Amino acid sequence: MTQKPRETRYVRELAAAKLPAGAGRKASVAIERIEVKKDKQVKLRFSSWQGSRMQARPLDLTEEELLPLFDAALRAGVFSEQFMRDLGGLLASARAPDEPAAPAQPTTDLEKVQAHFHDLIRSRAGDLLGNQASSLPQLSREEASEEEPAWFPIEGMHGGFKYWWDPASSRLRLMSESWSRIAAGSGQLHEVTPSGARLLGEGFV
């Protein structure tokens, strides 16, 4: 339902979307973009009408009735571009209350190396990781050198992971030695880069 923009001594209608409502079709519901003249602010007004007279009552609609009205408002340009961008962001981030947030995807090379290193630890330790699964190593370029490697022990393995940055590599390259003292020959040497983890040697310890 479209009509010429309305203007009163109080407000100026910038854009509006109206849809028929009620059994007799003499009533209508609307979403309007208005400029309030007194304070010169642009606002959104949700209203119900009986003929050409706006009703002084809240606009109560079911979700099934509200969606077509929103669709009409979108087509009529009631909402600003900034509002639409913000609304899109809200909808994209919305999730059910019990639904866990999706983990953020690694973007930097350091984050990718850390993600692959964590995957390596999980695959090697399995169920032996236990409660330590929530406290995996947080990598930093300032730590874990070849001279002073870092150590992540895993109680269930009676061993763990020694790791350090390869100083000779021109790209991020984490070296990792892991073993379990309850399994002879369990030692493995891996390199971990932004592309993934690769086994370089095994059978020691």
Side-chain angles (χ1 to χ4, degrees), residues 41-44 63 66-67 70-71 73-74 77-205:
Q41 283 191 330
V42 175
K43 298 182 178 181
L44 298 178
E63 290 182 348
L66 183 59
L67 286 175
F70 259 97
D71 181 63
L74 291 172
V78 172
F79 305 121
S80 68
E81 292 184 3
Q82 183 62 52
F83 177 86
M84 292 305 302
R85 286 194 293 270
D86 293 343
L87 179 61
L90 288 174
L91 293 175
S93 63
R95 62 183 186 275
D98 296 330
E99 180 182 340
Q105 294 300 310
T107 55
T108 67
D109 283 349
L110 180 61
E111 291 174 341
K112 292 176 182 177
V113 171
Q114 179 171 286
H116 292 311
F117 185 41
H118 288 180
D119 287 343
L120 172 64
I121 294 174
R122 294 187 189 98
S123 66
R124 287 279 282 151
D127 294 339
L128 298 177
L129 194 55
N131 294 332
Q132 292 178 269
S134 61
S135 58
L136 297 180
Q138 301 299 301
L139 299 182
S140 167
R141 288 304 310 272
E142 286 70 42
E143 300 176 0
S145 65
E146 188 173 22
E147 294 76 18
E148 297 184 7
W151 172 246
F152 182 64
I154 297 179
E155 296 178 5
M157 288 178 63
H158 295 281
F161 290 77
K162 180 174 74 171
Y163 57 95
W164 66 95
W165 294 106
D166 179 8
S169 178
S170 59
R171 61 172 183 164
L172 284 182
R173 183 174 187 248
L174 186 74
M175 307 302 296
S176 169
E177 287 184 354
S178 56
W179 62 84
S180 171
R181 289 189 176 86
I182 59 177
S186 64
Q188 290 187 352
L189 172 66
H190 287 84
E191 68 165 8
V192 187
T193 68
S195 302
R198 185 166 69 98
L199 179 66
L200 301 180
E202 60 183 333
F204 56 91
V205 180

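From a predicted model like this one, the values you see are computed outputs, not experimental measurements.
Checking side-chain atoms of H118 against main-chain N and O of Q138 turns up no donor-acceptor pair under 3.5 Å. Remark: side-chain polar atoms of S169 are not paired, donor with acceptor, to backbone N or O of D166 under 3.5 angstrom. Side-chain atoms of E143 do not come within 3.5 Å of backbone N or O of R141 as any donor-acceptor pair.
Between P149 and K162 the shortest heavy-atom distance is CB-CG, 3.7 Å. Contact between H116 and S195 at its shortest, heavy atoms only, is NE2-C, 3.7 Å. Scanning all heavy atoms of the two residues, the minimum distance from L129 to R122 falls at CD2-CG, 4.2 Å. Considering all non-hydrogen atoms of both residues, T193 and R171 come closest at CG2-NH2, 3.6 Å.
The aromatic rings of F117 and F161 stand perpendicular to each other, their planes meeting at an angle above 60°, with 30° marking the opposite boundary.
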Practice item. Just do the side-chain contact (heavy atoms from CB on, under 4.5 Å) check on I121 and F152 with the steps written out, would you? Key: CA-CA 10 Å; I121 294 174; F152 182 64; 4.2 Å; yes
Practice item. Please lay out, stage by stage, how L120 and Y163 fare under the test side-chain contact (heavy atoms from CB on, under 4.5 Å). Key: CA-CA 12 Å; L120 172 64; Y163 57 95; over 6 Å; no
Exercise for review: Before giving the answer on side chain to side chain donor-acceptor pair (under 3.5 Å), spell out for S80 and Q82 the whole-Å C-alpha distance, their side-chain angles and the decisive distance to 0.1 Å.
Suggested key: CA-CA 5 Å; S80 68; Q82 183 62 52; over 6 Å; no
Point to revise | side-chain contact (heavy atoms from CB on, under 4.5 Å) evaluation trace for W165 with L174 | key: CA-CA 5 Å; W165 294 106; L174 186 74; 3.9 Å; yes
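Atom CZ in R198 sits 10.5 Å away from atom NE2 in H190 (nearest 0.5 Å).
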